[in-house]
Amino acid sequence: MGVLEDKDRARTFYKYLSKVYDRVNPFIWNEEMRDEAIGMLDLGPDDRVLDVGCGTGFATEGLLEETERVHGLDQSAHQLDRATRKFGRRGPVRFYRGDAERLPFRDDSFDVVWSSGSIEYWPNPVDALEECRRVVRPGGRVLIVGPDYPNRTVFQKLADAIMLFYDEEEADRMFREAGFEEFEHRILQRRPGSPRAITTVARVPEE
């Protein structure tokens with residue numbers, strides 16, 4: 001387990017990163033990549049979407065272009081404070097402080113769960129994926145964006161020491177263990193040689 005796959009350490013990390021997050025993030029995960037991932041969902045204007053690990057609201061902004069029914073959740077009070085300042089306390093998004101592994105919502109509450117840049121900090125990603133499946137209605141979708149596992153050994157060792165990086169085979173295992181049967185992966189990248197994001201769209205089984 002990487003050093004940041006610990007909730008207390010991750011919260012401390014984001015206490016400081018939140019101050020520069022919006023300036024640093026585009027070098028890894030930019031608007032074009034975000035919008036391509038959103039396009040994989042084919043959202044409708046009435047879809048109710050939960051943004052898990054919403055951070056300062058970078059993905060939330062893109063989701064709001066497709067639907068006004070967006071809710072954001074994050075475990076970091078500092079990230080949520082920045083998101084609330086960005087959208088306003090009475091703005092279009094309702095924010096919650098909470099844990100991806102214990103989502104504070106009833107079963108079948110959403111049409112879609114989106115999560116980008118969060119799974120790598122989850123100590124128990126299968127548990128969190130099960131929670132995502134639980135709060136999405138049957139036939140709804142779950143989209144997860146995480147860091148693709150590096151190809152070179154030196155970077156693999158560094159990645160393993162920091163947080164969760166995973167490849168398509170590992171993504172298959174996690175999603176199957178979480179109860180998903182239909183899913184597809186796509187690799188997104190800002191430019192050749194830059195960090196790769198593995199994006200998975202899974203459909204919640206019909207009951």
Side-chain angles (χ1 to χ4, degrees), residues 10-11 14 17-18 21-26 28-122 125 128-146 178 180 183-184 186 188 197-204:
R11 279 192 290 268
Y14 269 103
L17 183 63
S18 64
Y21 184 84
D22 287 336
R23 296 197 295 273
V24 172
N25 190 53
I28 301 171
W29 176 248
N30 60 19
E31 289 187 10
E32 289 76 14
M33 297 166 71
R34 176 198 68 188
D35 294 346
E36 183 176 347
I38 290 174
M40 296 170 66
L41 289 170
D42 192 26
L43 289 173
D46 294 324
D47 282 338
R48 193 166 186 236
V49 181
L50 174 63
D51 183 359
V52 174
C54 62
T56 62
F58 177 71
T60 312
E61 289 179 299
L63 293 167
L64 282 171
E65 295 180 7
E66 305 297 327
T67 176
E68 295 181 358
R69 306 177 70 191
V70 180
H71 299 251
L73 177 139
D74 203 282
Q75 71 158 343
S76 168
H78 297 87
Q79 293 282 76
L80 285 176
D81 180 62
R82 296 218 167 232
T84 300
R85 277 189 262 166
K86 184 182 295 184
F87 294 97
R89 294 194 178 277
R90 300 184 181 275
V93 183
R94 183 173 178 184
F95 291 104
Y96 311 80
R97 187 177 180 191
D99 189 332
E101 295 175 8
R102 293 186 298 274
L103 294 175
F105 307 103
R106 296 179 179 177
D107 296 0
D108 308 340
S109 294
F110 299 94
D111 299 293
V112 171
V113 164
W114 163 288
S115 184
S116 54
S118 183
I119 187 174
E120 56 264 40
Y121 302 105
W122 299 346
L129 290 173
E130 288 177 343
E131 278 290 275
C132 292
R133 181 169 62 85
R134 179 184 66 78
V135 302
V136 171
R137 63 168 176 80
R141 289 143 294 162
V142 172
L143 182 146
I144 306 292
V145 182
F180 292 97
F183 47 83
E184 62 173 320
R186 185 183 300 180
L188 302 180
I198 181 169
T199 302
T200 302
V201 178
R203 185 170 295 277
V204 175

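Along the sequence shown, the residues carry numbers beginning at 1.
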If you take all heavy atoms of T67 and G44, which pair is closest and at what distance?
CB-O, 3.6 Å
If you look only at pairs with a residue in residues 130-144, which of them pass as a side chain to side chain donor-acceptor pair (under 3.5 Å), with sequence neighbours excluded?
D107-R134, D111-R137, E131-R134
Would you sort out whether F110 and H71 count as a ring pair (Phe, Tyr, Trp, His ring centres under 6.0 Å), showing the intermediate values?
CA-CA 10 Å; F110 299 94; H71 299 251; 5.6 Å; yes
W122 and S115, any side-chain heavy atoms less than 4.5 Å apart
yes
Are V70 and P92 packed together at the side-chain level, in the sense that at least one heavy-atom pair is separated by less than 4.5 angstrom?
no
Distance col, row D81:CG vs Q79:CD, nearest 0.5 angstrom, shows 10.0 Å
Distance in Å, T56 OG1 paired with H78 NE2, rounded so as to fall on 0.5 Å steps:
14.0 Å
Return the minimal non-hydrogen interatomic distance between G146 and E120, and the atom names on each side.
CA-OE1, 4.0 Å
Apply side chain to side chain contact (heavy atoms under 4.5 Å, CB included) to residues T200 and F180 and explain how you reach the verdict.
CA-CA 11 Å; T200 302; F180 292 97; over 6 Å; no
Roughly how far apart are I119 CD1 and C132 SG, rounded to 0.5 Å?
8.5 Å
Looking only at atom types and distance, does a side-chain atom of R97 sit under 3.5 Å from a main-chain N or O of L80, one as donor and one as acceptor?
no
Roughly how far, to the nearest 0.5 Å, is CE of M33 from CZ of R186?
12.0 Å
Using the test ring pair (Phe, Tyr, Trp, His ring centres under 6.0 Å), find all partners of F95 that sit at least two apart in sequence or belong to another chain.
F87
Closest non-hydrogen atoms of L129 and A178, given as atom of the first, atom of the second and distance, are CB-CB, 3.5 Å
R106 meets the side-chain contact (heavy atoms from CB on, under 4.5 Å) criterion, sequence neighbours left out, with S109
Could you tell me the separation between the CG atom of L64 and the CD1 atom of I38, rounded to the nearest 0.5 Å?
9.0 Å
Minimum side-chain heavy-atom gap I144-S118 below 4.5 Å:
no
Minimal heavy-atom distance between L73 and A100, with the atoms involved, is CD2-N, 4.4 Å
Among residues two or more places apart or on two chains, list those pairs meeting salt bridge (charged side-chain N to carboxylate O under 4.0 Å, His left out) that have a residue in residues 68-78.
none
Contacts of type side-chain contact (heavy atoms from CB on, under 4.5 Å), residue V136, not counting sequence neighbours
V113, V142, V204
Kindly compute the distance separating CD (E66) from CG (L41), expressed to the nearest 0.5 Å.
9.0 Å
With sequence neighbours excluded, residues passing salt bridge (charged side-chain N to carboxylate O under 4.0 Å, His left out) with R94:
none
Grab the two heavy atoms, one from G55 and one from A83, that are nearest each other, plus how far apart they are.
O-CB, 3.4 Å
